[in-house]
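Written out below as structure tokens is the structure these notes cover.
In what follows, chains carry the letters A, B, and so on, assigned in the order in which the sequence lines appear, proteins first and then strands, with residues in each chain numbered from 1. Hydrogens, waters and symmetry mates are skipped; everything else that's a heavy atom, side chains included, is used.
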Amino acid sequence: MSTSRIAPGTRMTGAQALIHALEHEGVEVMFGLPGGCILPAYDPLLESTIRHILVRHEQGAGHMAEGYAHVTGRPGVAMVTSGPAATNLVTPLMDAYMDSIPMVGITGQVPTGAIGTDAFQECDTVGITRSVTKHNELVMSADEVTLAVRQAFHIATTGRPGPTLIDLPKDVLQNETRWEWPTDEEVAASLPGYRPTMKGHPRMVKEAARLILAAERPVLYVGGGILKARAAEALRELAELTQIPVVTTLMARGAFPDDHPLCLGMPGMHGNATAITAMQKSDLLIALGARFDDRITGKVASFAPEAKVIHVDIDPAEQGKVRRPDVPIVGDCRLVIEEIVKAIRDLQAGGETQADTTAWKSRISGWREQFPLTYEPSEPGNALKPQFCLEKLRDAAPEGTIVASGVGQHQMWTSQYWQFNEPYTWVNSGGLGTMGFSIPAAIGAKIGRPDRTVWAVDGDGCFQMTAQELVTATVERIPIKVALLNNSYLGMVRQWQEMFYDERYSEVYLSTDVPDYVKWAESMGCVAIRVEAPEEVEPAIEKANAVNDRPVVVEFRVDSGEKVFPMVPAGHSNDDVLVHPTQNDRREHLR
Amino acid sequence: MSTTPAPRNHHILSVLVQNRPGVLARVASLFARRGYNIFSLAVAPAEDEGMSRITIVVDVDSAPLEQIVKQLFKLVEVVKISELDPRRSVERELLLATVRTDAETRSQVAQLVDIFEGKILAVGVEALTVSLEGHPDKLDDFEALLSGYGIVELQRTGRVALAKIDRQARLRAVDTGKGKVG
């Protein structure tokens with residue numbers, strides 16, 4: 001936004017300039033917690049149109065901002081004070097950096113004259129956050145506040161999105177300045193080294209179109225960049241035009257509908273055998289906004305050995321970082337996909353035909369038939385199976401439900417068993433793997449999309465890291481729902497110790513009864529339900545879905561021995577995927 | 001590093017940056033975080049107001065170099081990166097050294113300085129301080145010869161470099177797809 005509603009030259013404090021600047025950037029809500037150095041910024045907030053959510057821990061503010069950004073595409077804003085508050089924001093900033101989430105952090109700082117003196121609650125915030133942000137800035141004058149805000153929002157939301165941070169000394173907030181709202185041109189001129197490439201190189205686009213038409217075993221390898229580029233529709237057009245099967249990574253779940261006949265689901269360490277094997281055997285990987293993460297490739301040297309690679313990414317540094325592409329295309333995923341679709345149509349209009357992929361399709365449907373996701377139902381009287389609970393949760397979820405998850409087994413099961421048919425309905429911590437992400441992220445998501453049902457799927461380990469934000473949810477009337485899969489363990493760690501450390505369980509048991517999750521949730525103002533038997537599952541979910549005036553926590557007591565399958569052990573080739581034990585008899589069909 | 005010659009795999013990057021607080025820390029911490037080694041680094045204001053030029057010598061193969069350049073470009077304050085081909089650029093460095101001398105060796109050292117077209121900056125009873133500006137290879141040779149007399153203290157600036165003027169003075173510009181390589 002380059003026009004200002006305030007007359008240029010109007011006198012105000014740096015703090016007033018900050019809040020007005022946020023309003024001008026279109027900020028409707030921010031998440032934060034006040035303290036000494038940021039206090040001046042909290043005063044003009046009383047007159048602002050911006051809603052502020054008072055969190056119980058600064059990490060919560062950061063993850064809420066992320067959850068908000070995930071579902072709306074707009075930058076999430078977290079405002080906290082200096083020192084420990086700034087350091088508490090480091091984890092969400094890094095999380096947002098890894099998953100390319102647009103987010104703006106605002107931190108208080110000790111007055112400019114006190115910087116460098118080890119003053120109370122002083123820390124080198126820009127130094128500490130330098131490697132966890134796309135860009136950060138210590139603002140040393142009230143006159144520079146509005147430009148710093150504009151730069152922070154511009155950098156966070158353009159190119160490859162990511163977190164930015166503005167560090168504001170207390171006197172900078174208190175000093176007087178005159179309102180100036182920099183134009184788009186002035187912002188661009190102030191950042192001469194920042195010019196993201198949007199359009200793909202025409203020659204590369206044409207080359208990509210040729211490879212796509214020539215491929216006999218192609219796979220569309222779709223990453224989170226599709227969602228950042230708002231490219232889901234363009235992707236669908238490309239997939240349907242070429243009839244090429246699609247795998248959606250953990251960060252891209254929902255970018256292509258799971259109920260689409262061409263959708264193979266999630267690849268990677270805990271992907272399904274079909275998605276993993278299709279990539280592995282393909283002769284052309286069309287990577288769209290994906291970064292060849294080690295959780296996808298397994299052992300890089302033996303990853304998709306026969307595949308040529310088309311790599312579309314807005315970040316030039318992703319090209320060739322892990323796998324050297326045959327056709328690198330730097331640009332915005334939506335624009336480049338549209339260009340590729342056009343190039344394919346042009347080639348077809350010129351008489352070129354697509355290679356026959358019938359044999360490939362029938363191999364894929366063979367794998368799908370033989371290796372569906374599966375688990376063994378629980379015996380009567382035994383603990384619930386987490387997959388069963390998730391299936392029931394999925395089936396009872398209203399249309400458009402948004403799911404946020406923590407990190408671990410429950411995250412993988414949710415990604416596997418949910419049906420993501422709509423983009424921006426899946427919120428999780430993919431790159432950094434931040435335990436405790438789900439509750440604050442779900443709160444941010446619910447603020448961003450109040451019309452939607454928002455479920456946080458959490459584990460007991462994760463829940464204990466950030467559950468205090470349920471107090472925030474209750475007080476601020478943000479009615480999220482939490483499905484707590486309590487298996488009494490750090491489940492994923494337990495699985496690795498069972499499989500790779502000879503069942504030597506080290507520091508991995510939490511407790512079944514302590515804390516009492518029902519009492520804890522109730523004490524935080526939530527409706528709380530404990531579920532222990534299969535027949536209780538559906539009624540509990542029904543009851544939870546009916547609550548809309550406060551948060552709900554449903555604790556499912558689940559089988560602690562249950563493991564996530566399939567699994568590609570870390571560092572192994574995707575050829576060595578471990579399928580569910582009941583499917584071992586047909587393992588050779590994946591060859 | 002006093003007697004270490006420039007590494008065989010060395011590449012010279014000339015990086016134009018906005019002269020903003022912390023920009024050197026950003027560049028340095030990027031090298032540290034990605035595990036790349038800096039052989040030498042020199043930084044000073046450039047011809048344009050508000051800009052600085054950083055000359056970085058790195059010791060890597062070309063594949064990691066491509067990644068270094070791309071990662072450097074992601075820093076918002078980095079405006080332009082050129083890889084300078086040593087054959088098509090001029091490189092200079094400054095060396096200061098205090099060398100132990102006595103009545104007998106003083107004239108020998110003075111003669112060396114003369115041959116290399118260096119300067120004598122200070123004369124003491126038991127030492128000489130000398131300076132030499134020139135191509136880093138020349139400085140290596142000079143340093144090796146001085147070391148026979150006993151170097152008390154030594155400081156080199158690290159190399160600075162610019163592309164040779166025309167005669168196809170080709171900056172081998174690195175294609176980053178970011179559209180800001182001149």
Side-chain angles (χ1 to χ4, degrees), chain A residues 94 97 100 112 115 124-140 144 148 151-152 154-156 158-160 162 164 167 187-201 204 311-322 324-325 328-331 336, chain B residues 13-36 43 45-54 56 60-83 173-182:
Chain A
M94 186 64 204
Y97 197 34
S100 308
T112 49
I115 289 176
D124 175 15
T125 302
V126 289
I128 290 168
T129 60
R130 189 171 288 135
S131 61
V132 302
T133 52
K134 189 173 168 188
H135 191 65
N136 64 13
E137 197 81 49
L138 171 62
V139 182
M140 290 296 280
E144 293 165 9
Q151 289 174 334
H154 178 62
I155 294 168
T158 52
R160 180 178 182 168
T164 56
D167 198 24
V187 174
S190 72
L191 302 167
Y194 182 74
R195 300 281 184 274
T197 305
M198 297 298 281
K199 292 191 64 151
H201 192 291
M204 290 294 165
H311 193 176
V312 181
D313 204 294
I314 199 160
D315 180 356
E318 288 302 337
Q319 305 283 356
K321 186 183 81 179
V322 176
R324 185 149 288 275
I329 307 179
V330 177
V336 173
Chain B
L13 297 177
S14 180
V15 184
L16 190 69
V17 298
Q18 281 181 285
N19 187 2
R20 311 260 312 150
V23 64
L24 185 60
R26 273 183 219 283
V27 170
S29 67
L30 180 116
F31 275 79
R33 143 136 171 67
R34 302 268 171 190
Y36 309 134
V43 54
E47 64 282 3
D48 295 335
E49 202 184 334
M51 297 285 176
S52 286
R53 179 168 282 110
I54 306 178
I56 308 170
V60 286
D61 295 329
S62 50
L65 179 74
E66 186 187 320
Q67 206 24 234
I68 292 177
V69 170
K70 285 173 169 177
Q71 294 293 348
L72 270 178
F73 252 113
K74 287 174 71 171
L75 299 179
V76 167
E77 284 129 340
V78 171
V79 177
K80 181 174 163 181
I81 304 177
S82 310
E83 188 197 343
V174 186
D175 181 16
T176 61
K178 210 172 164 184
K180 59 179 185 181
V181 183

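Legend: residues meeting side chain to side chain contact (heavy atoms under 4.5 Å, CB included) with V23(B), ordered by chain and number and at least two apart, are V17(B), E77(B).
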Under 3.5 Å, which donor-acceptor pairs link side chains of residues 311-318 of chain A to any protein atom two or more places apart or in another chain?
{"from": "H311(A)", "atom 1": "NE2", "to": "A290(A)", "atom 2": "O", "distance (Å)": "2.8"}
{"from": "D313(A)", "atom 1": "OD1", "to": "D315(A)", "atom 2": "N", "distance (Å)": "2.9"}
{"from": "D315(A)", "atom 1": "OD1", "to": "A317(A)", "atom 2": "N", "distance (Å)": "2.9"}
{"from": "D315(A)", "atom 1": "OD2", "to": "R160(A)", "atom 2": "NH1", "distance (Å)": "2.8"}
{"from": "D315(A)", "atom 1": "OD2", "to": "K74(B)", "atom 2": "NZ", "distance (Å)": "2.5"}
{"from": "E318(A)", "atom 1": "OE1", "to": "K321(A)", "atom 2": "NZ", "distance (Å)": "3.2"}
{"from": "E318(A)", "atom 1": "OE2", "to": "R160(A)", "atom 2": "NH1", "distance (Å)": "2.9"}
{"from": "E318(A)", "atom 1": "OE2", "to": "K321(A)", "atom 2": "NZ", "distance (Å)": "3.3"}

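Pairing each heavy atom of R33(B) with each of S131(A), the nearest pair is CD-CB, 4.3 Å. Taking both residues in full, the closest heavy atoms of Q18(B) and S190(A) are given as NE2-O, 3.0 Å, listed atom of the first, atom of the second, then distance. Closest non-hydrogen pair, R324(A) versus E66(B), comes out as NH2-OE1, 3.2 Å.
Heavy atoms closer than 4.5 Å to chain A are found in both the backbone and the side chain of R26(B). Neither the backbone nor the side chain of T164(A) comes within less than 4.5 Å of any heavy atom in chain B.
Put simply, CZ on R130(A) and CG on L75(B) are 10.0 Å apart, with the number rounded to the nearest 0.5 Å.
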